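For reference, positions follow the sequence shown, starting with 1. Computed from heavy atoms alone, side chains included, the values below leave out hydrogens, waters and symmetry copies. Keep in mind that this is a model prediction, so the values were computed, not measured.
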Amino acid sequence: MTGPIFDTHAHYSARAFDADRFALLDSLPAKGVVGVCEQATHSGDAPRVLELAHKYPWVVAAIGIHPESLLAPEDCGEEGPAPTVSVYGGDWAAEMKALAPYYDDPKVVAVGECGLDYHWPVPKDAQLALFEAEIRLALELDKPIIVHDRNAHADIYALLKKYQPKGIVHCYSGSADDALWLAKQGLYFGFGGACTFKGAKRAAKAIAALPLEQIVLETDCPYMAPEPVCGTRCDSSLIRYVGEYIAQIKGVREEAVFRQTAENAKQVYQL
């Protein structure tokens, strides 16, 4: 059994797990999983996220609004627009107000998943305003923030430098140099299946440059299964491949990676 594995970023409330969600989660401790942070992306999945956190002692929750939740109906897939648009008409401030009671629950340990995503056709000004509001909320609550950064490094880093929140830069894809100055602010860096993909040279350089004490492991499941199982549905047990890859880069034993990253997750989530 590999472990201890702490998956700092998962989406078990996603439809991809509808058929076997509880059976899968029930199986994870025997595979070395000691912790999972289940991430909400809007008010629609927040109740399901919290349900899982209360069902399993080793699951905690992050509650926030993902920038993709601002997508207009015509830009959405078959699932349609998120409640941010379908219920709140794009008024993310009203949705944040509706989510406020969740942060009183001790199982909610972070604000997120939130950030900036310039891949999708969501107005930048709306994304920036939402992300800044969520950073300020995290600071007010003294909770870490879970940062989503897609094609938005400069604006993400500017806000992180301005406010200096604690938290995790999820699926880190920036340079090693940027990682080092962000690390000096106390931020942690999440690495999952994407870092094992061929061509992920920036991730490898960042992993090599960062101290192991500021790296955490994640899946973003059901997405981004690592090599050698890329293309399958991901789950927390597959983090073993990410840990093995990081151990190779750092020149340390795999168990040292799992032990330290699990401790890092507990530190950042104040567990």
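Remark: Tyr118 OH is packed, more than 12 non-hydrogen atoms of other residues, nucleotides or ligands lying under 6.0 Å away. Atom NZ of Lys166 has more than 12 heavy atoms from other residues, nucleotides or ligands within 6.0 Å.
Rounding to the nearest 0.5 angstrom, the gap separating the CD1 atom in Ile135 from the CD1 atom in Ile145 is 5.0 Å. Within the model, atoms OG1 of Thr84 and CG of Leu70 stand 6.0 Å from one another, a figure rounded to the nearest 0.5 Å. Summarising the geometry, atom CG belonging to Leu130 is positioned 11.5 Å from atom CG belonging to Asp125; distances are rounded to the nearest 0.5 Å. To the nearest 0.5 Å, the span separating CG on Asp220 from NE2 on His170 amounts to 4.0 Å. To the nearest 0.5 Å, atoms CG (Leu210) and NZ (Lys250) are separated by 6.5 Å.
Leu28 is not connected to Val34 by any chain of hydrophobic side-chain contacts under 4.5 Å among Ile, Leu, Val, Met, Phe, Trp and Tyr, and they are in different clusters. Ile249 and Phe258 fall within a single hydrophobic cluster, where Ile, Leu, Val, Met, Phe, Trp and Tyr are joined by side-chain heavy atoms under 4.5 Å apart, directly or via other members.
A donor-acceptor distance shorter than 3.5 angstrom exists from the side chain of Lys107 to the backbone of Pro57, with no hydrogens or angles considered.
Asp149 and Tyr172 share no donor-acceptor pair across their side chains, judged by distance under 3.5 Å alone. For the 3.5 Å distance criterion, the side chains of Tyr245 and Glu227 fail to qualify, holding no donor opposite an acceptor. Side-chain contact check for His54 and Asp105: at least one donor-acceptor pair (N or O, by modelled atom type) lies under 3.5 Å.
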- Task: Take His42 and Glu95 through the side chain to side chain donor-acceptor pair (under 3.5 Å) test and state the conclusion after the steps.
- Result: CA-CA 8 Å; His42 48 65; Glu95 187 175 27; 5.2 Å; no
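Using the six-membered ring where Trp is involved, His9 and His11 have ring planes that are perpendicular, over 60° apart on the 30 and 60° scheme.
A side-chain hydrogen bond (donor to acceptor under 3.5 Å, both in side chains) check over residues 178-200, counting only residues at least two apart or in different chains, returns the pairs Ser175-Asp178, Asp178-Trp181.
Glu68 and Arg150 are not joined by a salt bridge, as no carboxylate oxygen comes within less than 4.0 angstrom of a charged side-chain nitrogen.
When each of Thr8, Val242, Asp7, Ile5 is tested with Leu217 by the rule side-chain contact (heavy atoms from CB on, under 4.5 Å), just one qualifies, namely Val242.
The heavy-atom pair separating Gln127 from Val122 by the smallest distance is NE2-O, 3.2 Å.
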